[in-house]
Amino acid sequence: MLNTWVVTPTCLPLVLRRCHTCASERFRANGKFRVNANHKLLDAWLLVLCTVCGDTAKLTVLERVHVRSVRPELLDRMHDNDPGLAAELLQDPVVRRRNHIALDWDGAWRLDTGGSDHLDGEVLDVSVRFAARIPVRPVRLISEGCGLSRAEVGRLITDGKLVSAVRLSGRLSGDFTFMLKR
Ligand SMILES: [Zn+2]
């Protein structure tokens, strides 16, 4: 039987970016936007606050874009300070590259395994789905989901009892499957 585990965000990730006021490197989005119209051109930013001094920085979302080429739904969501939109934009690689930021997902996600009944069988088949592209170590997920230490998970990989089409060392942020034979 195939089990499905889901890596789910629990809050917005922190934004890694140097603060010009206090030299901290972490900002938090609070879901607020600023939109500025100049004639027919729009600029829009997602606001982020320094986690140490509270200073505000602006992440560019739209830059001198003609008002007619912006989807009205997007504008509405920015005017409504939609936190879901903030999450979508932070996960957009184009937005991250443009603003030279990276994300810190520590403590901002959880693993849903749907209970521990699946742990009894001799063979455990698991499909791991990512509800957002959160970079995590498969070893950490498997140790948490199976109630094993990371060293034990490492040994199972070495012994060929834990197999996957992807490399289980390192980090992943996309769906994968693995099989554990006891
Ligand atoms: Zn600061």
Side-chain angles (χ1 to χ4, degrees), residues 5-113 128-145 149-150 166-176:
W5 293 0
V6 185
V7 178
T8 310
T10 52
C11 60
L12 291 177
L14 292 181
V15 172
L16 298 176
R17 182 185 202 274
R18 179 169 284 275
C19 175
H20 294 303
T21 307
C22 78
S24 150
E25 290 183 345
R26 278 172 172 69
F27 283 75
R28 188 184 302 283
N30 60 0
K32 293 234 166 29
F33 292 85
R34 186 171 299 161
V35 181
N36 197 15
N38 192 345
H39 301 292
K40 296 279 181 215
L41 296 179
L42 283 182
D43 288 289
W45 301 272
L46 171 64
L47 304 184
V48 290
L49 306 177
C50 172
T51 55
V52 174
C53 73
D55 207 32
T56 305
K58 298 190 293 188
L59 305 182
T60 302
V61 178
L62 300 174
E63 197 168 21
R64 302 185 67 72
V65 176
H66 198 281
V67 66
R68 257 191 258 144
S69 65
V70 180
R71 281 177 294 123
E73 178 241 11
L74 177 66
L75 266 184
D76 285 347
R77 293 178 76 189
M78 289 196 286
H79 282 131
D80 292 344
N81 292 311
D82 179 343
L85 179 61
E88 283 170 36
L89 291 170
L90 287 177
Q91 284 170 45
D92 183 344
V94 175
V95 171
R96 291 212 299 273
R97 263 200 306 278
R98 173 188 268 174
N99 290 285
H100 309 289
I101 57 165
L103 302 178
D104 176 0
W105 281 98
D106 265 9
W109 59 272
R110 67 162 189 267
L111 176 66
D112 291 328
T113 60
V128 182
R129 287 204 315 105
F130 285 73
R133 297 192 63 80
I134 302 171
V136 290
R137 295 183 183 283
V139 169
R140 175 170 172 195
L141 291 181
I142 295 166
S143 91
E144 192 179 319
S149 73
R150 290 191 208 185
V166 301
R167 253 179 81 238
L168 293 174
S169 52
R171 284 172 191 264
L172 286 175
S173 58
D175 300 357
F176 70 98

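The first residue in the sequence is number 1, and the count goes up from there. Both ligands and their constituent atoms are indexed starting at 1 by order of listing. Atom set for the values below is all heavy atoms of this structure, side chains included, hydrogens, waters and symmetry mates excluded.
Annotation for H66: atom NE2 counts as buried by contact number, over 12 foreign heavy atoms lying within 6.0 Å. Under a cut-off of 6.0 angstrom, the local environment of CZ in R133 is sparse, with at most 12 non-hydrogen atoms contributed by other residues, nucleotides or ligands.
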Which atom pairs, donor and acceptor, lie under 3.5 Å between side-chain atoms of residues 39-57 and protein residues at least two apart or in another chain?
residue : atom : partner : partner atom : Å
D43     : OD1  : R64     : N            : 3.0
T51     : OG1  : R26     : O            : 3.0
D55     : OD2  : T21     : OG1          : 2.6

Do any side-chain atoms of residues 82-93 form donor-acceptor pairs under 3.5 angstrom with protein atoms, and if so which ones, sequence neighbours left out?
residue : atom : partner : partner atom : Å
D82     : OD1  : G84     : N            : 2.7
D82     : OD1  : L85     : N            : 3.3
D82     : OD2  : R77     : NE           : 2.8
D82     : OD2  : R77     : NH2          : 3.3
E88     : OE1  : R77     : NH1          : 3.4
E88     : OE2  : R77     : NH1          : 3.4
E88     : OE2  : R77     : NH2          : 3.0
D92     : OD1  : V94     : N            : 2.9

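Remark: the backbone N or O of V61 is paired with a side-chain donor or acceptor of R98 at under 3.5 angstrom.
Only protein N, O or S atoms were scored, and 4 of them lie under 2.8 Å from the Zn ion (ligand 1).
Every residue was checked against the salt bridge (charged side-chain N to carboxylate O under 4.0 Å, His left out) condition with E63, not counting sequence neighbours, and none meets it.
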